[in-house]
**Q** 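Dropping a structure here in structure tokens format, bear with me for questions.
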Amino acid sequence: AGGAVAAEAPAGASAARGGTLPLGAAGRSHPGGEDAANASDVSARGGCPQAAGGDVTEFSTSVVPRPCTTYRGLDFSYKSYTNYGNLGFGTREAVAWWCADVCNIDSKCRTYTVHTLRLLTGFRGKCYLHKHWLDDGGSRFHNNSIGHDIFSAVCRPETDSC
């Protein structure tokens, strides 16, 4: 069983990417209560913070990104292998926590970047998942995103775990 199922999006949101959402993003648990992309390998779950009220660190050129820390203004420039979007949320941070959950569930995801946009009644975002961080230039970022409501984190570092 893959990490995605046909699901209704969270209240006030629309389905993304072909009408499917990872189970955790749809507010559901995986079989047997295991909340990981592969129910037989729980250790594959990423370590990015994904709870409301979690800390967000303001990114600047003097900051060295650390694993399992959410940064505002960090926009990884490495190509994504998939993306999800157009989900409505009450806060920008809620969009970041949703994208962190999507990355934590997907065993291929090392980093994520989510671009947020204010709507009349809330926020939406586009979540980009990346397969690399330290290797293959995956740690590069867009300087012009610093100070903007773009969030990124490293959920599965190549070296030390979170």
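Values reported hereafter were calculated over all heavy atoms of this structure, with side chains retained and with hydrogens, waters and symmetry mates removed.
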**Q** Verify the cluster assignment for Tyr84 and Val95: are they in a single hydrophobic cluster under the rule of side-chain heavy atoms below 4.5 Å apart?
**A**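 Yes, because Tyr84 and Val95 connect within a single hydrophobic cluster, where side-chain heavy atoms sit under 4.5 Å apart.
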
**Q** Whether the side chain of Tyr71 engages the backbone of Arg66 through a donor-acceptor N/O pair (distance < 3.5 Å, no angle test) should be reported.
**A**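 Present.
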
**Q** Taking all non-hydrogen atoms of both residues, which atom of His130 and which atom of Thr113 are closest, and how far apart?
**A**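 His130 and Thr113 have their closest heavy atoms at CE1-OG1, 3.3 Å.
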
**Q** Mind checking whether Ile150 and Leu117 sit in one hydrophobic cluster, side chains of I, L, V, M, F, W, Y counted as touching below 4.5 Å?
**A**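 Ile150 and Leu117: separate clusters.
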
**Q** Can you tell me if the gamma sulfurs of Cys155 and Cys48 sit closer than 2.5 Å?
**A**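 With an SG-SG separation under 2.5 Å, Cys48 and Cys155 do form a disulfide.
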
**Q** Is the shortest side-chain N to carboxylate O distance from Asp101 to Arg45 below 4.0 Å?
**A**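 Looking at Asp101 and Arg45, the cut-off is met.
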
**Q** For residues Phe59 and Ser152, determine if any side-chain heavy atom of one lies less than 4.5 Å from a side-chain heavy atom of the other.
**A**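 They are not in side-chain contact.
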
**Q** Evaluate the side-chain proximity of Phe89 to Thr116: yes if any heavy-atom separation is below 4.5 Å, no if none is.
**A**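 A side-chain contact under 4.5 Å is absent here.
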
**Q** Between Tyr128 and Ser80, what is the shortest heavy-atom contact and its length?
**A**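 Here Tyr128 and Ser80 meet closest at CD2-OG, 3.6 Å.
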
**Q** Rounded to the nearest 0.5 Å, what separates atom OG1 in Thr91 from atom CZ in Arg118?
**A**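 Here the interatomic distance stands at 10.5 Å.
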
**Q** Looking at every heavy atom in both Ser145 and Asp75, which two are closest together, and how far apart are they?
**A**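 Where Ser145 meets Asp75 most closely, the heavy atoms are OG-OD2, 2.9 Å.
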
**Q** So do Leu129 and Lys108 actually touch side chain to side chain, heavy atoms under 4.5 Å?
**A**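 Side-chain contact under 4.5 Å: no.
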
**Q** Is any side-chain heavy atom of Trp97 less than 4.5 Å from a side-chain heavy atom of Val114?
**A**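 Contact flag for Trp97/Val114 side chains = no.
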
**Q** So do Tyr112 and Asp106 actually touch side chain to side chain, heavy atoms under 4.5 Å?
**A**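 The answer is no, as the side chains (C-beta and beyond) never meet within the 4.5 Å cut-off.
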
**Q** So, Arg156 side chain and Cys109 main chain: donor-acceptor pair closer than 3.5 Å or not?
**A**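 Flag set: sc Arg156 to bb Cys109 pair under 3.5 Å.
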
**Q** Taking SG to SG, are Cys127 and Cys103 separated by less than 2.5 Å?
**A**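 Not so, these two cysteines form no disulfide.
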
**Q** Holding to salt bridge (charged side-chain N to carboxylate O under 4.0 Å, His left out), I want the full list of residues that pass it with Arg92, two or more places apart in sequence or in another chain.
**A**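 For Arg92 the salt bridge (charged side-chain N to carboxylate O under 4.0 Å, His left out) partners, ignoring immediate neighbours, are Asp149.
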
**Q** How long is the gap from CG on Asn104 to SG on Cys68, to the nearest 0.5 Å?
**A**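 Here the interatomic distance stands at 8.0 Å.
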
**Q** Verify, without hydrogens or angle tests, whether Arg72 (side chain) and Gly147 (backbone) share a donor-acceptor contact under 3.5 angstrom.
**A**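 Yes; judged by distance alone, with no hydrogens or angles, the pair exists.
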
**Q** Does a side-chain heavy-atom distance below 4.5 Å link Thr70 with Glu93?
**A**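 Of all side-chain heavy-atom pairs linking Glu93 with Thr70, none is under 4.5 Å.
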
**Q** Got Phe76 and Trp133 here, is their nearest side-chain heavy-atom distance under 4.5 Å?
**A**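 In contact.
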
**Q** Calculate, to the nearest 0.5 Å, the distance between atoms CG and CZ belonging to Leu119 and Arg124 respectively.
**A**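 Rounded to the nearest 0.5 Å, the CG-CZ separation comes out at 6.0 Å.
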
